[in-house]
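Take a look at the structure below.
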Amino acid sequence: MDKTVISIPCYNEAGRLREDEFNLLLQQPGLEILFINDGSKDETGQQLKNFIDGKSHGASLLNLRVNSGKAEAVRQGMLHSMKD
């Protein structure tokens with residue numbers, strides 16, 4: 001079965017992440033979400049890790065240590081998802 005990966009770049013989004021909406025997306029068969037933490041300086045990385053740790057499948061996290069911008073974060077996410 002083919003899978004669809006949605007790459008979501010995140011930079012300092014701790015106050016705006018909507019876990020309930022991501023949970024709805026994860027109910028779709030064959031859909032995966034890759035969160036790319038783009039060097040956030042707030043609690044975004046930890047919040048995403050906590051969200052993903054509670055899932056058995058469908059969500060993953062790529063941490064970029066340095067903020068490189070939305071386009072580069074999406075590019076890194078695409079490269080990461082193609083490895084699998």
CG/L26 to CZ/F51 distance, rounded to the nearest 0.5 angstrom? 5.5 Å
Check whether D38 reaches the backbone of P9 with its side chain - one donor and one acceptor, N or O, closer than 3.5 Å. no
Please answer: with hydrophobic residues joined when any side-chain heavy atoms are less than 4.5 Å apart, are L61 and L64 in the same cluster? no
Above 12 or not: heavy atoms from other molecules or residues under 6.0 Å from CD of E43? no
Atom of Q76, atom of L62 and distance for their closest heavy-atom approach: O-CD2, 3.8 Å
Measuring from atom CD1 of I33 to atom CG of L48, what distance do you get when rounded to the nearest 0.5 angstrom? 10.5 Å
Whether the side chain of D42 engages the backbone of A14 through a donor-acceptor N/O pair (distance < 3.5 Å, no angle test) should be reported. yes
Side chains of H57 and E32: does their closest heavy-atom pair fall under 4.5 Å? no
So how far is it from K70 NZ to I8 CD1, rounded to the nearest 0.5 Å? 12.0 Å
Residue pair I52 / A59: nearest heavy atoms and the distance that separates them: CG2-O, 3.5 Å
Rounded distance [0.5 Å steps], CG in L79 versus CD in E72: 8.0 Å
Donor-acceptor contact below 3.5 Å, side chain S81 vs main chain V5: no
Using a 4.5 Å cut-off on heavy atoms from C-beta on, say whether the side chain of L17 contacts that of F22. yes
Kindly determine whether K3 and L31 satisfy side-chain contact (heavy atoms from CB on, under 4.5 Å), including the steps that lead there. CA-CA 6 Å; K3 66 179 179 179; L31 184 79; over 6 Å; no
Backbone N or O of G45 within a donor-acceptor pair of the N63 side chain at under 3.5 Å? no
Nearest atoms (heavy-atom pairs only) where N12 meets S40: N-OG, 2.8 Å
With sequence neighbours excluded, residues passing ring pair (Phe, Tyr, Trp, His ring centres under 6.0 Å) with Y11: none
Separation of C10 SG from I36 CD1 (nearest 0.5 Å): 7.5 Å
Gap between atom CE of M78 and atom CZ of R75 - 0.5 Å precision: 11.0 Å
Report yes or no: do Q27 and N23 form a side-chain donor-acceptor pair below 3.5 Å? no
Heavy-atom closest pair (S68 atom, A73 atom, distance to 0.1 Å) is OG-N, 4.2 Å
Looking only at heavy atoms, the pair that brings S60 and L34 closest together is OG-CD1, 3.3 Å
